[in-house]
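Here the structure is a predicted model, which is why all the values come from computation and not from measurement. Letters go in sequence order (proteins before strands), and every chain restarts at 1.
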Amino acid sequence: KAGVTQTPRYLIKTRGQQVTLSCSPISGHRSVSWYQQTPGQGLQFLFEYFSETQRNKGNFPGRFSGRQFSNSRSEMNVSTLELGDSALYLCASSSDGNQPQHFGDGTRLSIL
Amino acid sequence: AQSVTQLGSHVSVSEGALVLLRCNYSSSVPPYLFWYVQYPNQGLQLLLKYTTGATLVKGINGFEAEFKKSETSFHLTKPSAHMSDAAEYFCAVSGRAGGSYIPTFGRGTSLIVHP
């Protein structure tokens, strides 16, 4: 069974640009969550999608958004990038949100 | 509301020695508790979980953890450290919110294993 796949693995952007990250969950998993990991703040929850609906949301500004497609694949978008957005963005999936999450290897985003 | 405190950002042990990584949590509802491991440039891998039932939980790679409600603790142990155990370890607590269990993670403990 394939694991959670995140693309791209690495990304370099400049301030003010926008970026879209992609996550393909484990087959059959309907819940997809996104996290931001930084040395200063640790792992912080961004949002969770379940059956194409945002079910939970963390405390991040509106520049961070996401969506989920009918095949459970998810994308997150960050607009007007800031230097502080440099981080490892992790996606995790679970069958229904009540089971332990399985993580992808992340997308490392660097803002210049 | 829920939170996790991992005592010690770094723990150093010799190969073959006991590994003890400490985790204390707070939760307003019966918690689900997890330990994850992260190797460099990788995502998090679930080591073990506690939901209900037996308080001593066995995980992968020889790790185990004990849920102690009275102490609000969920410490991770391994009898004998191996060089391959060197990694970042995260404790997490979750409680039901909006139909799902979104975990709150601790800040992580870096395990260093000396030969």
Side-chain angles (χ1 to χ4, degrees), chain A residues 2-10 21 23-26 29-51 53-60 68 87-110, chain B residues 1-10 23 25 27 29-53 57-60 63 65 67 74 87-110:
Chain A
V4 178
T5 303
Q6 292 188 244
T7 56
R9 286 296 312 277
Y10 303 93
L21 311 182
C23 172
S24 293
I26 291 172
H29 284 192
R30 297 166 63 192
S31 168
V32 174
S33 297
W34 288 88
Y35 296 85
Q36 182 194 65
Q37 185 178 25
T38 60
Q41 299 298 320
L43 271 159
Q44 293 186 287
F45 170 71
L46 281 156
F47 29 66
E48 182 215 7
Y49 285 86
F50 183 82
S51 294
T53 301
Q54 187 179 86
R55 188 160 67 171
N56 286 288
K57 188 177 188 304
N59 189 27
F60 276 80
Q68 186 180 33
L88 180 67
Y89 289 88
L90 292 166
C91 168
S93 74
S94 71
S95 55
D96 59 5
N98 294 332
Q99 299 300 319
Q101 298 176 322
H102 297 261
F103 284 78
D105 286 338
T107 294
R108 185 164 296 282
L109 175 63
S110 299
Chain B
Q2 54 200 29
S3 65
V4 173
T5 301
Q6 290 185 240
L7 300 175
S9 58
H10 295 82
C23 172
Y25 70 92
S27 178
V29 297
Y32 285 12
L33 295 159
F34 309 88
W35 275 99
Y36 284 87
V37 61
Q38 185 178 33
Y39 298 99
N41 297 316
Q42 293 186 21
L44 278 67
Q45 180 184 5
L46 180 68
L47 277 176
L48 49 80
K49 64 179 180 181
Y50 168 81
T51 53
T52 58
V57 181
K58 295 187 183 300
I60 62 172
F63 285 95
F67 169 58
F74 191 58
E88 190 85 12
Y89 291 79
F90 293 91
C91 180
V93 62
S94 71
R96 192 174 184 88
S100 62
Y101 289 81
I102 301 300
T104 298
F105 288 87
R107 295 302 300 271
T109 297
S110 178

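Checking side-chain atoms of R107(B) against main-chain N and O of L43(A) turns up no donor-acceptor pair under 3.5 Å.
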Next on the checklist: Assess the residue pair F45(A) and F105(B) against the criterion (side-chain contact (heavy atoms from CB on, under 4.5 Å)); give the C-alpha distance rounded to whole Å, side-chain angles, the decisive distance to 0.1 Å, and a yes or no.
Outcome noted: CA-CA 9 Å; F45(A) 170 71; F105(B) 288 87; over 6 Å; no
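If you measure heavy-atom distances from Y36(B) to chain A, the contacts under 4.5 Å come from the side chain alone. Interface remark: Q37(A) contributes side-chain atoms only to the contact with chain B (heavy atom separation under 4.5 Å). Both the backbone and the side chain of L44(B) come within contact range of chain A, judged by heavy atoms closer than 4.5 Å. Q45(B) does not touch chain A: none of its heavy atoms, backbone or side chain, sits under 4.5 Å away.
Of the residues considered (D105(A), L90(A), V4(A), L88(A)), D105(A) shows the highest number of contacts with chain B, using heavy-atom pairs under 4.5 Å.
Across P103(B) and Q101(A), no two heavy atoms sit closer than the pair CG-OE1, 3.5 Å.
For the atom pair CD of Q42(B) and CZ of F103(A), the computed distance is 13.5 Å after rounding to the nearest 0.5 Å.
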